[in-house]
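Data first, discussion second: the structure below is written as structure tokens.
Along the sequence shown, residues carry numbers from 1. When a ligand or atom number is given, it counts from 1 through the structure's own listing order.
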Amino acid sequence: MNSNKKLVLVAMSGGVDSSVTAALLMEQGYEVIGATMQIWDPGRTEVAGDFVGCCSLAAVEDARSVANKLDIPYYVLNFYDLFRQSVVENFCQEYLAGRTPNPCVVCNRKIKFEALLKKALALGADYLATGHYARIDYDESTGRYTVKKARDPRKDQTYFLYNLTQQQLAHTLMPLGDYTKDEVRRMAAERGLKVAEKPESQEICFVPDNNYRNFLRENVADNAIKPGPFLNLEGQEVGRHEGIAFYTIGQRRGLGLAMGERVYVVDIDPVRNAVIVGPEEALDRKRLLAGDLNFISIAQLTGPRQVEAQIRYNARPAPATITPLPGDLVQVEFATPQRAITPGQAVVFYQDDYLLGGGTIRGQA
Ligand SMILES: Nc1ncnc2c1ncn2[C@@H]1O[C@H](COP(=O)(O)OP(=O)(O)OP(=O)(O)O)[C@@H](O)[C@H]1O
């Protein structure tokens, strides 16, 4: 072991991104160890033998083979209980409460950059590295770590990283932010890593087939999901729904309503156990309230600020003014209406390419 080298633990999911992360950091002169977190029961993530999640047995085999090829120490860490308690439970509870959760945000906050980072530091590492597409820098003038959007806009993952603290950023490396996905695949092939052509992982790693409704049916108590009324904008009952957990704002398909016009879920009212439906225009709102805030390039929000705000992973950031409110809340007012503002999702703020911070959408306002 060369004691002058900085030690980094690379979070290896068995995919191409984290494999190339490990290879690049070695080439940059770090001493690298690899680790895969087992976060979900492998039996549940194997569907007919296909790869469907980052914690399946195949993922561990792939990560181990990359670690062997790179000749680095490799560990498999058991995070089942913590993952179930902090990510899966929260995911189910949020749906039951009529919100649409964002498990990757919770996983980053509670698992990857908290529990795994702690483990890395306890093992003597200076850094944790991941294959996220984002650019972490240190701004001498403000004395703060910053997070900048990735060079490849199609792969940018900064939306999921708004919760990182300065302390976490000080110990985190994300070397892929300057590369496109194609370049990363090419680098993997050039280095003889057999994961070079591996397909992208699925949207939510613990939900097979992306079917979250089936997942809820299997993972919450039978009596937790109760049928209730579909209400129109006038408050009249226009049908029955199967349980508010099965709906999300903006949803049109699968409502089973024949109303003579296209209707969408425009709101969910957990108090009345009701799903409110209305025409497409009713989805457009200009304002929202967010809580559970974290800021990155500034220490806190002290007054109104012009930003670009993004209301879901696939949405385009849109010009908005954010204003702090008492109770650690922020009001976000968009220049133009946004479609389907959804409680439970993250709203993330950017200035130029920099991640200013973000929070959890509490409601439309
Ligand atoms: N089970 C896991 N164990 C260790 N690290 C993980 C695990 N799942 C994800 N990560 C880390 O988090 C990063 C981002 O996760 P995400 O699920 O977005 O990965 P991905 O885009 O599928 O990347 P990859 O190609 O590396 O699988 C990964 O690049 C990896 O560093």
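- For L82 against A115, the heavy-atom pair with the smallest separation is CD2-CB, 3.4 Å.
- Note that R185 lies outside the cation-pi zone of Y179, set by a 6.0 Å cut-off to the ring centre and a 45° limit from the axis.
- Not one N or O of G14 is nearer than 3.5 Å to an N or O of ligand 1, by distance alone.
- Below 3.5 Å of separation, one finds no N or O of E200 facing any N or O of ligand 1.
- Proximity to V16 (heavy-atom distance under 4.0 Å) selects the following atoms of ligand 1: 25 (O).
- Less than 4.0 angstrom separates some heavy atom of A35 from each of these atoms of ligand 1: 4 (C).
- Atoms of ligand 1 found under 4.0 Å from any heavy atom of T36 (numbered from 1 in listed order, with element): 3 (N), 4 (C).
- For K181, no nitrogen or oxygen atom sits less than 3.5 Å from a nitrogen or oxygen atom of ligand 1, counting backbone and side chain alike.
- Heavy atoms of Q157 approach ligand 1 to within less than 4.0 angstrom.
- An N or O contact shorter than 3.5 Å is missing between I39 and ligand 1 by distance.
- Within a 6.0 Å sphere centred on CZ of R240, other residues, nucleotides and ligands contribute more than 12 heavy atoms.
- In this structure, A59 has no heavy atom closer than 4.0 Å to ligand 1.
- Closest approach of A11 and S18 over heavy atoms only: O-CB, 3.2 Å.
- Note: an N/O pair closer than 3.5 Å links K112 and ligand 1 by distance alone.
- Dense packing is recorded around CG of N78, with more than 12 heavy atoms of other residues, nucleotides or ligands lying under 6.0 Å away.
- In this structure, Y247 has its ring center under 6.0 Å from that of F230.
- Between Y212 and F91, the ring planes lie perpendicular to each other; the angle is over 60°, past the 30° to 60° tilted range.
- Here's the thing with K155: none of its N/O atoms is less than 3.5 angstrom from an N/O atom of ligand 1.
- Polar contact with ligand 1: absent for A129 (N/O pair, distance under 3.5 Å).
- In summary, of the residues considered (I204, V88, V220, D209), a side chain to side chain contact (heavy atoms under 4.5 Å, CB included) with F215 occurs for V88 alone.
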